[in-house]
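All heavy atoms count here, side chains included; hydrogens, waters and symmetry mates do not. In this text the structure is predicted, and so the values were computed from the model without any measurement. One is the number of the first residue; the rest follow in order along the sequence.
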Amino acid sequence: MIDISKLSKRYSVRILEESDVEMLVEICKQNTVFYEYTEARPTGENILDDMKVTPPGISMSDKYYFGFFDGQELVAIMDLIDGYPKPEIAYIGFFMMNPTYQGKKIGTAIIGEVVEYMRDTGKTAVRLAIDKGNPQSTHFWTKNGFRVIFEADVNGWTKLVAERQLM
């Protein structure tokens, strides 16, 4: 079990709810580069679906869809799966920064804290998928120590599965 309150020393962290969807859509719509390389679209319906979807064999009790807040302002959104694809791995299903906070090394700091906490809980790696061809995402995740381990086809879109070893 992940204690999301321990994922950041700088920001307050809380589970995002249906009442937050409008705010999430606005942040997602501002991240136009991300949506050039994925089948996903920044709609309320899609965000609500993302809040509830889990990988095969993973229960909702192992899914954490949350935000990092500076006061009342949402800084970043993260979807984190505990124990996927193996019990010793955590999976970041989604991470998006509020554009106001981009380019200031805040995203890197957040990922650093998340990775540190995952290591402290005994995880051996953090895994995620990058949309192939997305230069912004590829640069960010590579800069943060993630290395591509294989490519996967998801509904006709190529994803680069990347991992950061923690041990």
Side-chain angles (χ1 to χ4, degrees), residues 1-55 58-84 89-121 123 125-131 134 136-146 159 162-164 166:
M1 175 162 261
I2 294 172
D3 180 353
I4 65 166
S5 70
K6 294 183 178 178
L7 290 172
S8 181
K9 294 175 180 82
R10 180 172 180 185
Y11 300 104
S12 61
V13 182
R14 72 166 173 82
I15 295 293
L16 295 167
E17 301 175 3
E18 192 170 327
S19 60
D20 297 311
V21 168
E22 189 174 308
M23 171 178 52
L24 302 177
V25 168
E26 287 309 308
I27 286 174
C28 290
K29 281 183 177 179
Q30 293 173 52
N31 282 281
T32 56
V33 172
F34 177 82
Y35 292 98
E36 291 175 24
Y37 299 93
T38 181
E39 72 283 3
R41 293 293 166 251
T43 67
E45 183 179 328
N46 287 346
I47 289 170
L48 284 170
D49 287 345
D50 286 348
M51 288 177 159
K52 299 172 190 165
V53 70
T54 62
I58 299 296
S59 73
M60 280 300 293
S61 65
D62 293 321
K63 179 185 177 75
Y64 303 85
Y65 197 95
F66 55 93
F68 295 85
F69 288 84
D70 184 7
Q72 297 299 310
E73 190 163 14
L74 181 59
V75 175
I77 306 159
M78 183 177 280
D79 178 14
L80 185 63
I81 307 292
D82 187 10
Y84 180 77
I89 298 175
Y91 189 90
I92 298 174
F94 184 72
F95 180 69
M96 186 164 287
M97 292 290 299
N98 180 330
T100 303
Y101 293 86
Q102 291 177 7
K104 301 174 183 175
K105 301 185 181 186
I106 294 170
T108 293
I110 288 171
I111 295 304
E113 287 188 316
V114 169
V115 165
E116 181 182 326
Y117 176 75
M118 292 294 101
R119 181 183 298 116
D120 291 346
T121 65
K123 297 296 181 204
V126 175
R127 194 176 283 185
L128 51 85
I130 303 165
D131 295 302
N134 184 328
Q136 185 180 43
S137 293
T138 301
H139 173 76
F140 177 79
W141 292 113
T142 301
K143 175 180 77 171
N144 282 285
F146 287 80
K159 307 292 182 180
E163 186 172 273
R164 179 170 166 180
L166 305 182

Participant: Search all heavy atoms of Q30 against all heavy atoms of P99 and return the closest pair with its distance.
Facilitator: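 The pair with the smallest heavy-atom distance is CB-CG, 3.4 Å.
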Participant: Residues two or more places apart in sequence or in another chain: which of them pass side-chain contact (heavy atoms from CB on, under 4.5 Å) with Q136?
Facilitator: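 Per chain and number, Q136 pairs via side-chain contact (heavy atoms from CB on, under 4.5 Å) with V33, Q102, N134.
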Participant: So, for G44 and V21, which heavy atoms are closest and what is the spacing to 0.1 Å?
Facilitator: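 The answer is CA-CG1, 3.5 Å.
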Participant: What is the minimum heavy-atom distance between V25 and T43, and which atoms define it?
Facilitator: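 That closest heavy-atom pairing would be CG2-C, 3.7 Å.
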Participant: Please determine whether side chain to side chain contact (heavy atoms under 4.5 Å, CB included) holds for the pair K6 and T121, giving the CA-CA distance in whole Å, both sets of side-chain angles, and the decisive distance to 0.1 Å.
Facilitator: CA-CA 11 Å; K6 294 183 178 178; T121 65; over 6 Å; no
Participant: Could you measure the distance from the CE atom of M118 to the CD atom of E113? Nearest 0.5 Å is fine.
Facilitator: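 If I round to the nearest 0.5 Å, the distance is 12.0 Å.
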Participant: If you compare all heavy atoms of T54 against all heavy atoms of I58, which two are closest, and at what distance to 0.1 Å?
Facilitator: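 Taking every non-hydrogen atom into account, OG1-O, 2.8 Å.
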Participant: List for me each residue that meets side-chain contact (heavy atoms from CB on, under 4.5 Å) alongside N98, sequence neighbours excluded, and say none if there are none.
Facilitator: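 So N98 forms a side-chain contact (heavy atoms from CB on, under 4.5 Å) with I27, E73, T100, Y101.
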Participant: What pairs with F66 under ring-ring contact (aromatic ring centres under 6.0 Å, His included), at least two apart in sequence or on another chain?
Facilitator: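 Testing F66 for ring-ring contact (aromatic ring centres under 6.0 Å, His included), a comparison that skips the adjacent residues, returns F68.
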Participant: Please list, chain by chain and in numerical order, all residues satisfying ring-ring contact (aromatic ring centres under 6.0 Å, His included) with F34, sequence neighbours excluded.
Facilitator: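 F34: ring-ring contact (aromatic ring centres under 6.0 Å, His included) contacts with F94.
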Participant: Taking all non-hydrogen atoms of both residues, which atom of A129 and which atom of K159 are closest, and how far apart?
Facilitator: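 Closest pair (atom of A129, atom of K159, distance): CB-CB, 4.1 Å.
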Participant: Side-chain contact test, heavy atoms from C-beta onward, threshold under 4.5 Å: evaluate it for R10 versus I106 and give yes or no.
Facilitator: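 Yes, close enough: below the 4.5 Å cut-off.
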Participant: Enter the distance from I77:CD1 to F95:CZ here, rounded to the nearest 0.5 Å.
Facilitator: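 If I round to the nearest 0.5 Å, the distance is 9.5 Å.
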Participant: A side-chain contact here means heavy atoms from C-beta on lying under 4.5 Å apart; do K123 and D82 qualify?
Facilitator: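 Yes, side chains in contact.
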Participant: Measure the spacing between CD1 of I2 and OG of S61 and express it to the nearest 0.5 Å.
Facilitator: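 That separation rounds to 10.5 Å.
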Participant: Using the test side-chain contact (heavy atoms from CB on, under 4.5 Å), find all partners of E18 that sit at least two apart in sequence or belong to another chain.
Facilitator: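 Counting only residues at least two positions away or on another chain, E18 forms a side-chain contact (heavy atoms from CB on, under 4.5 Å) with L48.
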Participant: Within this structure, what is the CG-OH distance for the pair L80 and Y117, rounded to the nearest 0.5 Å?
Facilitator: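 Going from CG on L80 over to OH on Y117, the span is 9.5 Å.
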Participant: To the nearest 0.5 Å, what is the distance between CG on L7 and CD1 on I111?
Facilitator: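 Answer rounded to 0.5 Å: 10.0 Å.
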Participant: Rounded to the nearest 0.5 Å, how far apart are CE of M97 and CG of L74?
Facilitator: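 One gets 9.5 Å once the value is rounded to the nearest 0.5 Å.
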Participant: Listed by chain and number, what are the salt bridge (Lys or Arg N to Asp or Glu O under 4.0 Å) partners of R127, not counting sequence neighbours?
Facilitator: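 Checked R127 against salt bridge (Lys or Arg N to Asp or Glu O under 4.0 Å); matches are E163.
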Participant: With sequence neighbours left out, write down each residue that passes ring-ring contact (aromatic ring centres under 6.0 Å, His included) with Y64, or none if nothing qualifies.
Facilitator: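 Here no residue qualifies.
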Participant: Not counting sequence neighbours, which residues clear side-chain contact (heavy atoms from CB on, under 4.5 Å) with K105? List them please.
Facilitator: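 None.
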Participant: Would you check if Y65 and D20 make a side-chain contact, meaning some heavy-atom pair closer than 4.5 Å?
Facilitator: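 Of all side-chain heavy-atom pairs linking D20 with Y65, none is under 4.5 Å.
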Participant: I'd like to know if the side chain of R119 reaches the main chain of L166, judged simply by a donor and an acceptor atom lying under 3.5 Å from each other, with no hydrogens or angles considered.
Facilitator: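 Looks like yes, one N/O pair under 3.5 Å.
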Participant: Is the backbone of N46 close enough, under 3.5 Å, to the side chain of R41 for a donor and an acceptor to pair up by distance?
Facilitator: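 Answer holds: no.
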Participant: Can you pull out every salt bridge (charged side-chain N to carboxylate O under 4.0 Å, His left out) where at least one residue sits in residues 60-72? Sequence neighbours excluded, please.
Facilitator: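 Applying salt bridge (charged side-chain N to carboxylate O under 4.0 Å, His left out) to every pair that reaches into residues 60-72, excluding sequence neighbours, yields K63-D79.
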Participant: Identify, with sequence neighbours excluded, every residue that meets salt bridge (Lys or Arg N to Asp or Glu O under 4.0 Å) alongside E26.
Facilitator: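 For E26 there are no salt bridge (Lys or Arg N to Asp or Glu O under 4.0 Å) partners, ignoring immediate neighbours.
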Participant: Please report the closest heavy-atom contact between I130 and S137, naming both atoms and the distance.
Facilitator: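 Closest pair (atom of I130, atom of S137, distance): CG2-CB, 3.8 Å.
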Participant: Of all residues at least two apart in sequence or in a different chain, which pass the ring-ring contact (aromatic ring centres under 6.0 Å, His included) check with Y91?
Facilitator: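 Expected list: Y84.
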Participant: Under the rule for salt bridge (Lys or Arg N to Asp or Glu O under 4.0 Å), what residues qualify as partners of D50, not counting sequence neighbours?
Facilitator: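 Scan of D50 (salt bridge (Lys or Arg N to Asp or Glu O under 4.0 Å), adjacent residues dropped) gives none.
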